[in-house]
Protein chains: 2
Amino acid sequence: MALMHPMSAHTNRPVYLKLRDQIAAAIIDGVYPEGAMLPSVRALAAEQGANPLTVAKAYQQFQNDGLVEVQRGVGMYVVRGAAERLRSAEREVFLREEWPEIRSRMARLGLDPADLTLAC
Amino acid sequence: MALMHPMSAHTNRPVYLKLRDQIAAAIIDGVYPEGAMLPSVRALAAEQGANPLTVAKAYQQFQNDGLVEVQRGVGMYVVRGAAERLRSAEREVFLREEWPEIRSRMARLGLDPADLTLAC
DNA sequence: TGGGGTGCATCAGTGCCATAATACAGCCAT
DNA sequence: ATGGCTGTATTATGGCACTGATGCACCCCA
């Protein structure tokens, strides 16, 4: 009896979205400090085994949000306050759109977030 | 300044997966008790404004897992013990694959599950 | 023995995603 | 100024998931 739940959490996210999340985490965690230059699209593409255009698509999001500054011919730099703004924005989205579903889901499964704080 | 994060949680889940989750929740919650007949693909499709085949694809999962019994030409019935098995399986998957990511994500955003137990 | 209810198979259409190969525009150190 | 690094635009292609329309096989009941 398998009882597998393939893609239950939609784990097949597009590459450019996974890269976006990964970069966002790096900015928040200070891996890419404010003022620092992000890896070039070609460099990150080579490192991640992805296509440069896919990486560019991931970076696009941050430009639109004004979190990185593009210097044509030079590179992309993390804007001042980007980490805090990014964390704040992600936190708001998480609390508003994800957490309620997670809560009800856990309730249905007989789980309590408080009990899992230290466990696992 | 937008700072939007479209599809940050991949909110564009396929219809058949949303239906699957919804049906699973109904089975666990006893909306479709053990031994009861599930709504026909056409009926549920009409009710949800979806395509019968999309509903059938959602049901498919439960057949493979042996949680529902198909009587050709009659309908699909919830198997004995389906609710408990389903809840148990989903709980295991959740704890193993989803919760760790949620935990680290919340930590990055400066959130503590215990603090949100009653809030919101 | 029909008629209306099941589930299911087949085929086709659509759109997104990822990749690729170029080519271009800008900056900088040598 | 030249070579080498940046990001970007263009176009084309293959793959895959999702959705949709039609028709068939099956079963029960009147």
Side-chain angles (χ1 to χ4, degrees), chain A residues 4-24 26-27 32 35-79 82, chain B residues 4-24 26-27 32 35-79 82:
Chain A
M4 291 280 297
H5 281 171
M7 302 186 300
S8 182
H10 220 206
T11 200
N12 287 358
R13 284 163 62 83
V15 175
Y16 81 96
L17 280 184
K18 283 191 279 189
L19 289 175
R20 195 204 69 85
D21 288 351
Q22 171 180 333
I23 297 160
I27 291 179
Y32 303 145
M37 180 181 142
L38 292 174
S40 75
V41 283
R42 291 175 177 83
L44 189 54
E47 174 190 331
Q48 296 288 333
N51 190 289
L53 274 76
T54 303
V55 176
K57 189 171 183 179
Y59 279 161
Q60 188 73 40
Q61 201 86 53
F62 299 105
Q63 311 180 32
N64 298 341
D65 294 349
L67 294 170
V68 303
E69 180 184 289
V70 179
Q71 293 188 17
R72 239 188 121 91
V74 181
M76 302 179 43
Y77 293 85
V78 180
V79 153
Chain B
M4 292 281 297
H5 281 169
M7 303 185 300
S8 181
H10 224 206
T11 199
N12 287 359
R13 282 165 63 83
V15 175
Y16 81 97
L17 280 184
K18 282 191 279 190
L19 289 175
R20 195 203 68 86
D21 289 351
Q22 171 181 333
I23 297 160
I27 292 179
Y32 303 145
M37 180 180 141
L38 292 174
S40 75
V41 284
R42 291 175 177 82
L44 189 55
E47 173 189 332
Q48 297 288 331
N51 190 287
L53 273 77
T54 304
V55 176
K57 190 170 182 179
Y59 279 161
Q60 188 72 40
Q61 201 83 55
F62 300 106
Q63 310 180 32
N64 299 341
D65 294 347
L67 294 169
V68 303
E69 180 183 288
V70 179
Q71 293 188 18
R72 235 189 122 90
V74 181
M76 302 179 44
Y77 294 83
V78 180
V79 154

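By convention in this document, chain letters (A, B, ...) are assigned in the order of the sequence lines, proteins followed by strands, and residues within each chain are numbered from 1. Being a predicted model, the structure only gives us computed values, none of them experimental.
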Check your understanding: Would Val55(B) and Gln48(B) count as a side chain to side chain contact (heavy atoms under 4.5 Å, CB included) if you check the C-alpha gap in whole Å, the side-chain angles of each, and the deciding distance to 0.1 Å?
Key -> CA-CA 9 Å; Val55(B) 176; Gln48(B) 297 288 331; 5.8 Å; no
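Nucleotide dT6(D) holds its C1' atom 12 Å from the OH atom of Tyr59(A), rounded to whole Å. In this structure, CZ of Arg13(A) is placed 17 Å from C1' of dA17(D), rounded to the nearest angstrom. Straight-line distance from the CZ atom of Arg20(B) to the P atom of dC18(D): 13 Å, rounded to whole Å. In this structure, CG of Leu19(B) is placed 18 Å from P of dA17(D), rounded to the nearest angstrom. Taking atom CD of residue Gln61(B) and atom P of nucleotide dA17(D), one finds them 14 Å apart after rounding to whole Å.
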Under-3.5 Å N/O pairs linking protein and nucleotides 4-6 of chain C:
from: dG5(C); atom 1: N2; to: Gly73(B); atom 2: O; distance (Å): 3.1
from: dT6(C); atom 1: OP1; to: Ser40(B); atom 2: OG; distance (Å): 2.9
from: dT6(C); atom 1: O2; to: Gly73(B); atom 2: N; distance (Å): 3.4

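Leu19(A) and Ala58(A) make their closest contact through CB-CB, 3.8 Å (heavy atoms, listed as atom of the first residue, atom of the second, distance). Pairing each heavy atom of Phe62(A) with each of Arg20(A), the nearest pair is CZ-O, 3.4 Å. In terms of heavy atoms, Val41(A) sits closest to Pro52(A) at CB-O, 4.0 Å. Residues Leu44(B) and Pro39(B) come closest through the heavy atom pair CB-CB, 4.2 Å. For Val68(A) against Val79(A), the heavy-atom pair with the smallest separation is C-CG2, 3.9 Å.
Phosphate proximity of dC17(C) to Tyr16(A): present, with a side-chain N or O under 4.0 Å from OP1 or OP2. Between Lys57(A) and dC17(C) there is a side-chain N or O to OP1 or OP2 distance below 4.0 Å. For Asn51(A), a side-chain nitrogen or oxygen approaches OP1 or OP2 of dA20(C) to under 4.0 Å. Checking the phosphate oxygens (OP1, OP2) of dT8(D), a side-chain nitrogen or oxygen of Gln63(A) falls inside 4.0 Å.
Using a 4.5 Å heavy-atom threshold, the side chains of Gln63(A) and Met76(A) count as touching.
In this structure, Gln60(A) reaches neither bases nor backbone, as no heavy-atom distance under 4.0 Å exists between it and the strands shown.
The Val70(B) side chain lies nearest to dG7(C) when the options are dT22(D), dG7(C), dT19(D). Nearest nucleotide to the Leu53(A) side chain, out of dT19(C), dT19(D), dC17(C): dT19(C).
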